[in-house]
2 protein chains.
Amino acid sequence: MYIKVSIVKYTLNKGGGHITTRKDVARLAGVSEATVSRVFNNIGPIREHTKQAVIKAAAELQYTPNALAQNFVRRRSGNLGVILPLLPKVHLFSKYYFAEILSGIGQAANERGYDLLLMFASIEGNLDYLRLFHARKVDALILLGRRDIPEDRASISALLEDKHPICLIGQRFAGLLADSVDADHITGSYEMVRHLVRSGHRRIAFINGPLEYSNSEDRLAGYRAALLDHDITFDASLIFEGNFSRKSGYELAHTIAGIHEHIDAVFASNDRMAIGLIQGLNELGISYEDLTVVGYDNADIAQFCNPPLTTVEVPLFEMGQLATNKLLDRMSGKLIGDPFEEKLPTRLIIRSTNI
Amino acid sequence: MYIKVSIVKYTLNKGGGHITTRKDVARLAGVSEATVSRVFNNIGPIREHTKQAVIKAAAELQYTPNALAQNFVRRRSGNLGVILPLLPKVHLFSKYYFAEILSGIGQAANERGYDLLLMFASIEGNLDYLRLFHARKVDALILLGRRDIPEDRASISALLEDKHPICLIGQRFAGLLADSVDADHITGSYEMVRHLVRSGHRRIAFINGPLEYSNSEDRLAGYRAALLDHDITFDASLIFEGNFSRKSGYELAHTIAGIHEHIDAVFASNDRMAIGLIQGLNELGISYEDLTVVGYDNADIAQFCNPPLTTVEVPLFEMGQLATNKLLDRMSGKLIGDPFEEKLPTRLIIRSTNI
DNA sequence: TACTTTTATGTACACGCGTACATTTTACGT
DNA sequence: ACGTAAAATGTACGCGTGTACATAAAAGTA
């Protein structure tokens with residue numbers, strides 16, 4: 001009779017497989033459930049003899065604590081949420097950009113026992129971040145590639161208000177004091193422009209990205225600072241705007257070609273635009289020997305194109321790592337105080353031989 | 001007195017914020033907890049009046065069901081696990097490859113109410129997949145970029161034995177009958193070689209990837225079939241092996257250069273190797289006008305290099321989508337029976353004008 | 001030995017939800 | 001008006017774990 005009841009119970013679990021629980025281990029080891037718990041959580045004083053008995057019983061039964069129950073009772077998911085823009089539509093950054101950052105996040109999270117919960121948000125931002133916390137789906141959140149639009153601003157603002165641990169990577173929202181990690185694009189651009197000036201260029205056009213991304217502002221600031229430091233007058237007519245896509249660089253070729261005799265170089269804010277521009281200029285009969293073009297990001301393509309592109313390396317992997325570690329520090333209480341705004345150093349990569 | 005107890009309880013929750021539960025909503029709406037549950041799960045007959053009262057109370061309290069509790073009691077995590085190789089070390093495929101597939105997975109999973117749990121496994125495979133299921137961390141698993149080595153074979157075999165829902169993308173393990181999704185590389189390669197033959201090439205060298213990846217076998221099969229159908233004798237001395245990296249293509253340039261007068265074209269199994277080869281050949285004074293080089297994958301770089309590369313498009317995004325949908329169908333019982341081995345069609349992309 | 005302190009283990013409950021089952025209310029037919 | 005079926009709602013419990021508290025065993029002390 002008892003056996004039958006038992007069988008019925010077991011078969012209730014789909015697949016017919018019995019879920020081994022703490023109770024089973026306790027019974028086999030001849031101890032209480034609490035003791036099993038203690039062994040698995042390494043808590044309190046336990047006699048070595050007892051501990052081994054539990055470990056042996058657990059091994060025998062192939063017991064693994066149910067993470068669902070653990071998370072539930074601990075009231076934490078163990079998940080680090082990562083919001084990515086819906087990639088297929090993204091032209092903003094290359095997929096390389098996200099893959100690198102994500103790797104950094106993944107490595108750091110893994111080291112600290114957190115899992116990565118990946119969420120794709122349409123770029124319009126219809127995802128209610130706050131709900132993720134309310135539902136306890138994530139313990140902390142990293143936001144990537146969000147645009148500075150009212151909806152997102154409101155969502156992020158709500159998160160900050162409730163003091164949920166979040167971190168932005170590669171962007172900031174003016175007026176919103178949030179933890180963030182970025183590369184030092186001001187210095188990155190500064191060094192690039194300085195390099196151009198030192199190698200004899202004085203009239204340097206600048207293809208910026210949309211100003212609704214904070215890093216566009218930063219690059220512009222670096223550009224201007226470098227000119228200023230070398231006594232070159234800033235000329236607004238040399239500033240152009242693309243949208244980070246190769247196409248937008250390509251389409252600017254006509255404009256650039258029109259003034260190419262009045263400029264020495266073009267600094268594009270990312271490699272894709274630089275490559276598009278070079279291609280466009282080529283078709284218009286302007287080779288890279290006539291006009292220096294440099295990029296930014298050190299994307300994969302930068303080294304394979306013709307000529308290899310001088311660019312600025314951005315430590316994407318490290319940015320992901322740092323953001324994760326600081327965020328988890330924040331959660332554990334190891335890090336307190338005002339929001340941080342980390343800026344990792346960039347590195348100038350000189351490839352073309354003609355500059 | 002009662003109030004004081006209440007306050008104490010609330011303050012127990014870290015951060016001082018009270019967690020709104022079903023009980024709170026029930027009390028405010030003047031119904032039982034079960035009724036609240038019913039409203040949120042859309043279960044059973046409920047009077048419209050009651051329903052609205054619950055919805056109103058929930059809104060007022062900003063109630064969101066605790067996903068942790070839900071998952072626990074439902075005994076499912078709601079997570080779709082995705083195993084990625086530790087990207088920084090990966091040369092095998094480009095990051096583009098994974099980003100695309102991941103997007104497809106993410107989109108499909110999202111549509112069906114599943115979250116993506118991302119896990120990076122070192123390529124040596126020290127991750128115990130089985131434990132993920134035992135711990136109930138994931139309900140299903142998608143495996144990407146695993147190598148055919150004993151450890152992984154054993155792990156995957158154990159998963160299949162216990163009938164856990166898993167799906168491989170872009171690979172298969174001979175002898176292991178697992179659900180899998182891939183592109184039809186046999187036809188893809190066949191069509192590329194046929195194209196080369198039809199445009200006048202007859203002696204076509206083939207740079208394959210390591211044969212421990214099933215898609216290498218497939219491409220070779222397509223290559224051979226195309227030759228056969230056009231009465232060209234297969235010549236094993238025209239087969240080379242790279243490791244999918246640009247460098248390996250570059251390093252093969254010397255070898256290819258040595259025989260370039262005896263061949264008309266080189267078919268590389270991916271774009272990166274093709275580009276490396278082109279670069280190497282260039283340095284040896286062999287231009288693409290002397291020797292046709294084509295690639296595979298239609299990676300980003302394929303269209304930017306010089307000359308733009310003729311290649312084969314692989315529907316990565318769709319592969320991710322399909323794998324996810326079939327996997328979730330399998331779980332829900334909508335799909336039963338033998339393991340599927342889906343092969344999505346590829347598409348020849350002709351870019352270079354000289355072939 | 002008898003008492004106290006420390007160490008080791010057991011007991012019991014809460015976490016927030018889904019849901020089987022019991023109960024109450026409403027609708028319907030006569 | 002009454003009985004019965006259907007609809008609506010409530011009651012009660014279990015899911016598997018962490019852990020506060022109670023208890024038992026061991027170690028120390030006088």
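Residue numbering restarts at 1 for every chain, and letters A, B, ... go by the order of the sequence lines. Since we're looking at a predicted model, the values are computed, not measured.
- Within the structure, a side-chain polar atom (N or O) of A:T35 is placed less than 4.0 Å from OP1 or OP2 of C:dG10.
- B:R47 has a side-chain polar atom (N or O) that falls below the 4.0 Å cut-off from OP1 or OP2 of D:dT9.
- Applying the side-chain contact (heavy atoms from CB on, under 4.5 Å) criterion to B:R172, with sequence neighbours excluded, gives B:S214, B:E217, B:D218, B:E341, B:K343.
- In this view, A:E33 and A:R22 satisfy the side-chain hydrogen bond (donor to acceptor under 3.5 Å, both in side chains) rule, not counting sequence neighbours.
- With sequence neighbours left out, the side-chain contact (heavy atoms from CB on, under 4.5 Å) criterion links B:E111 to B:Q107.
- Within the 4.0 Å cut-off from OP1 or OP2 of C:dG16, at least one side-chain nitrogen or oxygen of A:R75 is found.
- The C1' atoms of five pairs define one axis at each end of the helix from C:dT1-D:dA30 to C:dT30-D:dA1, and these two axes lie 40° apart (to 10°).
- Looking only at atom types and distance, the side chain of A:H18 has a donor-acceptor partner in the side chain of A:D24 under 3.5 Å away.
- Residue order along DNA chain D, read from the 5' end via each residue's closest nucleotide, puts B:P45 first among B:P45 and A:N66.
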Sub-3.5 Å pairs of nitrogen or oxygen atoms, protein against nucleotides 18-23 of chain C:
residue	atom	partner	partner atom	Å
C:dG18	OP1	B:N41	OD1	3.4
C:dG18	OP1	B:N41	ND2	3.3
C:dG18	OP1	B:Q70	NE2	3.1
C:dG18	OP1	B:R74	NH2	3.1
C:dG18	OP2	B:S37	OG	2.6
C:dG18	OP2	B:N41	ND2	3.2
C:dG18	N7	B:R22	NH1	2.6
C:dG18	O6	B:R22	NH2	3.3

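- A:L160 is linked by a side-chain contact (heavy atoms from CB on, under 4.5 Å) to A:I156, A:I166, A:L176, A:A178, counting only residues two or more places apart in sequence or in another chain.
- Residues forming a side-chain contact (heavy atoms from CB on, under 4.5 Å) with A:D148 (at least two apart in sequence, or on another chain): A:R153, A:F173.
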What donor-acceptor contacts under 3.5 angstrom involve side-chain atoms of residues 58-66 of chain B, with partners at least two apart or in another chain?
residue	atom	partner	partner atom	Å
B:N66	OD1	B:L68	N	2.7
B:N66	OD1	B:A69	N	3.2

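- With sequence neighbours left out, A:R112 forms a side-chain hydrogen bond (donor to acceptor under 3.5 Å, both in side chains) with A:N325, A:D329.
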